[in-house]
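The structure appears right after this line, and notes come after that.
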Protein chains: 2
Amino acid sequence: MLQNYIVDHIGIAVSNLDKSIERYYDDLGFVLHSRETLSHLEVEVAFLALPNTKLELIMPTPGSSNPIVKFLSEQGEGLHHICYEVTDIRAELASLKSKGYRLIDEEPRPGANGSIIAFIHPTSVSGHVLTELCEYP
Amino acid sequence: MLQNYIVDHIGIAVSNLDKSIERYYDDLGFVLHSRETLSHLEVEVAFLALPNTKLELIMPTPGSSNPIVKFLSEQGEGLHHICYEVTDIRAELASLKSKGYRLIDEEPRPGANGSIIAFIHPTSVSGHVLTELCEYP
């Protein structure tokens, strides 16, 4: 199963979403593509549109205790993950699992912008990169 | 100065370049785009071509004492930087400097694939992202 992996976005953990959106727009001209709260993941996310991919700014929702809170408290803001768009996420997860990859999500769950998503554990991925797959309807 | 920033590549620090290239190819189908040693930066880099951008795998050359060595010893392999392609790197650096950004490279220096590059200090960039600019001839 060798699908074309497209970089859907690069995830960046931030502590102040409004301020980051403003800074990226004012200083670098990056335009807001979409913004939403993913309640089940306890995060608020904003996507900045670049010509060939997107940045995803991720902030924990108030009172949450998810991995982004841990990430921010342990190492502060910073590069968090790469998300690849694939055409058949379930087939890709099965393929990776058969190759010994450790899946954080065995089954896809709802993501941003109407996608379904699944995370692969960074210890499985060369270069120790937290890796997300997404599929759009 | 609001140029179109294109994500040229996502930089990932690795400890074994051959193994990482092999893993990304065998498991995910990512094809090697180019590979070279940048002696003045004391790194060997490999670019993997994706449909819309590239991954850059970065490994210190033997005996080097550059920031990648420090990065690997402090936090291990992982996401390292984002590089944006711009059309006029000197103009962009001047613009960022005027906005208070801390430049690691005041003047561009030779980078991979015939580019000229300059790094911006992560403390200046929202989300604390080590940011590289590159310009191709």
Seminar exercise, completed: Ordered numerically, the heavy-atom neighbours of chain B under 4.5 Å found in residues 130-137 of chain A are none
Exercise. If every non-hydrogen atom of B:Ala112 is compared with every non-hydrogen atom of B:Val45, which pair is closest and at what distance?
Worked result: CB-CG2, 4.2 Å
For this session: Spell out, yes or no, whether B:Ile10 and A:Phe119 are grouped together once hydrophobic residues are joined by side-chain heavy atoms under 4.5 Å, including indirect joins.
Result: no
Exercise. Is there a donor-acceptor contact under 3.5 Å linking the side chains of B:Glu92 and B:Tyr5?
Worked result: yes
Problem set entry | Residues of residues 121-129 of chain A contacting chain B, heavy-atom criterion under 4.5 Å, by residue number | A:Ser124, A:Val125, A:Ser126, A:Gly127, A:His128, A:Val129
Exercise. Are the side chains of B:Asn66 and B:Val43 in touch, meaning some heavy atoms are under 4.5 Å apart?
Worked result: yes
Exercise. Are A:Leu103 and B:Tyr24 grouped together when hydrophobic residues (ILVMFWY) are joined by side-chain heavy atoms under 4.5 angstrom apart?
Worked result: yes
Problem set entry | A:Phe30 and B:Tyr84: CA distance, side-chain angles, deciding distance, ring pair (Phe, Tyr, Trp, His ring centres under 6.0 Å) verdict | CA-CA 12 Å; A:Phe30 294 3; B:Tyr84 300 101; 5.4 Å; yes
Problem set entry | Test item: B:Asp88 side-chain N/O and B:Ala91 main-chain N/O as donor-acceptor pair under 3.5 Å | yes
Problem set entry | Contacts of residues 35-42 of chain B with chain A (heavy atom under 4.5 Å) | none
Exercise. Which atom pair, heavy atoms only, marks the closest approach of A:Ser115 to A:Ile117?
Worked result: OG-CG2, 3.5 Å
Problem set entry | Leading residue by heavy atom contact count with chain A [cutoff under 4.5 Å; candidates B:Gln75, B:His80, B:Glu77, B:His81] | B:Glu77
Problem set entry | Gap between atom CG of B:Asp26 and atom CD of B:Glu22 - 0.5 Å precision | 5.5 Å
Exercise. A:Leu79 versus chain B, heavy atoms under 4.5 Å apart: side chain, backbone, both or neither?
Worked result: both
For this session: Any chance you could measure A:Leu93, atom CG, to A:Ile120, atom CD1, to the nearest 0.5 Å?
Result: 5.5 Å
Problem set entry | Part of residues 52-65 of chain A lying next to chain B, heavy-atom separation under 4.5 Å | A:Asn52, A:Thr53, A:Leu55
For this session: Would you give the length of the straight line joining atom CD1 of B:Ile6 to atom SG of B:Cys83, rounded to the nearest 0.5 angstrom?
Result: 11.0 Å
Exercise. Would you say B:Ile82 and B:Ile116 are hydrophobically clustered, going by side-chain heavy atoms of ILVMFWY under 4.5 Å?
Worked result: yes
For this session: For A:Asn16 and A:Lys19, indicate whether the former's side chain and the latter's backbone hold a donor-acceptor pair under 3.5 Å.
Result: yes
Exercise. What is the distance from atom NE2 of B:His9 to atom CG of B:Asn113, rounded to the nearest 0.5 Å?
Worked result: 9.0 Å
Problem set entry | Within-4.5 Å side-chain heavy-atom neighbours: A:Asp27 and B:Tyr101 | yes
Problem set entry | Heavy-atom pair with the smallest gap, counting every atom of A:Ser20 and A:Val14 | OG-CG1, 3.5 Å
Exercise. Which one of A:Leu50, A:Ile12, A:Val7 has the most heavy-atom pairs closer than 4.5 Å to chain B?
Worked result: A:Val7
Exercise. Is A:Arg102 close to A:Lys97 at the side-chain level, that is, under 4.5 Å between some pair of heavy atoms?
Worked result: no
For this session: Supply the atom-to-atom distance B:Arg109 CZ to B:Ile104 CD1, rounded to the nearest 0.5 angstrom.
Result: 8.0 Å
